[in-house]
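Working notes, beginning with the structure itself.
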Amino acid sequence: MPDIAPRYWLMIATLGFVWGGTFLLIKLALDGITPFWLAASRIGFAALLLCAAWGWRGFKLFKSETNWPSLVIIGILSTALPFMLISWGQQHVSSGFTGVSMAAIPLMVLPLAHVFVPGEQMTLRRLIGFCIGFSGVALLIGGKAFETSGAELEAYGRAACLSAAACYSVSSILTRRLPPVDPVGLAAVLLVIGSFIIFPAAWAAEGPPVMPDSRTLLIAAILGLIPTAAANLLRVIVVREAGPTFMTLTNYQVPVWAVVLGAVFLGEELPPSMLLAMAMILGGLGLSQFGRLSRLFGKGG
């Protein structure tokens, strides 16, 4: 198992915080815009920003061999398709189930990485660590994690949320397996591919867009700039250089930040199990990455 440089630990900590805060911003933005058009505006704006940065670097992408078929599949699986699946699925399931399904991503990535990514072999300690972390997320979300919504299409909604998690998992593996590529160009192209899918889908599902108020536009711009453009660039860098299994450490951080920020800014109630859940999540992550953490802090192992 290769060592992970300190900058990658900082990147996943940043991603956990940024994506944890995204739910707060989405909740505010949905007061003035429909779900699909919010997703489309995020992806479209982020694509423009990253294309501008990519152009400044000379529009270079693959450094030697190319693999455009995989790139198109990654673009579909990492942006548009999971966004649409979650938007539809959340209409029929509890929000708690959506959170748990996203927390299941590390458990999906682990066997995929074991088979398809050299150097990412699954170990018993890593598996136990991820299971403890997942249990901590389920405890944090509480009874809402698996309670029924009573919706007629709940089973299909749950399947949609789990399918979105599978999309993210498979896209991470495929991203890691790409030949040498410019990270800015890769992040830009993936968002452009997502834009070509999400805009027609938004039009078909919700009709032509309606100009939102200035407050909603500002929130949508922030969502496009930070948790979509900047965060997707960081995600590409981490997956490409540190590996898809390491990248999944963000998935257990996101619910913690979502709960904390919701309590601070929206006055939502903190669950009484918060401290125990956080201890389980951090303990699970520490166990799964014990060797890397030991070497990072110079304790051997």
Side-chain angles (χ1 to χ4, degrees), residues 15 19 22-23 26 29-30 33-48 50-51 67-93 95 97-109 112-113 116 153-178 181 186-207 209 220 223-224 227-229 231-236 238-240 244 247-248 250-251 254:
L15 285 170
W19 281 335
T22 299
F23 298 106
I26 289 174
L30 287 175
I33 191 171
T34 52
F36 270 47
W37 278 115
L38 176 59
S41 65
R42 284 180 61 186
I43 294 175
F45 184 50
L48 288 174
L50 283 177
C51 280
N67 191 341
W68 284 101
S70 287
L71 201 59
V72 172
I73 294 171
I74 295 166
I76 295 170
L77 295 181
S78 64
T79 53
L81 185 55
F83 274 41
M84 290 187 290
L85 286 168
I86 292 171
S87 295
W88 184 84
Q90 279 189 302
Q91 301 175 83
H92 308 289
V93 302
S95 59
F97 183 83
T98 308
V100 167
S101 63
M102 293 302 103
I105 291 174
L107 301 178
M108 296 181 182
V109 167
L112 289 172
F116 296 107
L153 298 177
E154 182 177 26
Y156 295 101
R158 290 188 171 189
C161 291
L162 290 171
S163 297
C167 286
Y168 286 127
S169 303
V170 173
S171 71
S172 290
I173 301 297
L174 292 175
T175 299
R176 175 66 166 177
R177 289 175 57 86
L178 283 173
V181 65
L186 176 57
V189 169
L190 295 180
L191 288 169
V192 168
I193 294 169
S195 297
F196 276 107
I197 297 170
I198 193 69
F199 275 89
W203 196 294
E206 299 173 347
L223 283 169
T228 311
N232 269 281
L233 177 57
L234 283 183
R235 176 181 176 272
V236 163
V238 172
V239 170
R240 291 286 296 166
M247 176 62 207
T248 62
T250 58
N251 294 98
V254 169

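Hydrogens, waters and symmetry mates play no part in the numbers below; they use all other heavy atoms, side chains included. Residue numbers count from 1 along this sequence.
- The two residues Ser172 and Val239 have their closest heavy-atom pair at O-CG1, 3.3 Å.
- Checking side-chain atoms of Arg240 against main-chain N and O of Leu178 turns up a donor-acceptor pair under 3.5 Å.
- Although no hydrogens or angles enter the test, the distance criterion places no donor-acceptor pair under 3.5 Å between the side chain of Trp19 and the main chain of Asn251.
- Within the 4.5 Å cutoff, side-chain heavy atoms of Phe199 are placed close to those of Trp37.
- In this structure, Cys51 and Ala188 approach most closely via the heavy-atom pair N-CB, 4.0 Å.
- Taking every heavy atom of both residues into account, Gly194 and Ile43 meet most closely at C-CG2, 4.1 Å.
- Of the residues listed (Ile74, Leu233, Leu50, Thr175), the one engaging Leu186 in a side chain to side chain contact (heavy atoms under 4.5 Å, CB included) is Thr175, and it is the only one.
- For the pair Met102 and Ala165, the tightest heavy-atom approach, listed with the atom from each and the gap, is CE-N, 3.8 Å.
- Minimum interatomic distance between Leu191 and Ala46 (heavy atoms only, all atoms of both residues): CD1-CB, 3.7 Å.
- Counting heavy atoms from C-beta outward, Met108 and Tyr168 have side chains that stay 4.5 Å or more apart.
- Using a 4.5 Å cut-off on side-chain heavy atoms (C-beta onward), Ile193 and Thr79 make no contact.
- Annotation: side chain of Met247 is not in contact with side chain of Val109 (no heavy-atom distance under 4.5 Å).
- Considering only heavy atoms from C-beta on, Ile197 comes within 4.5 Å of Met84 through its side chain.
- Atom CD1 in Ile76 sits 11.5 Å away from atom OG in Ser171 (nearest 0.5 Å).
- Residues Val189 and Leu71 have side chains in contact (heavy-atom distance under 4.5 Å, counting atoms from C-beta outward).
- No side-chain donor-acceptor contact under 3.5 Å links Arg42 to the backbone of Gly224.
- The main-chain N or O of Leu223 is found under 3.5 Å from a side-chain atom of Thr228 such that the two form a donor-acceptor pair.
- Panel note: side chain Trp88, backbone Gly157; no donor-acceptor pair is recorded below 3.5 Å.
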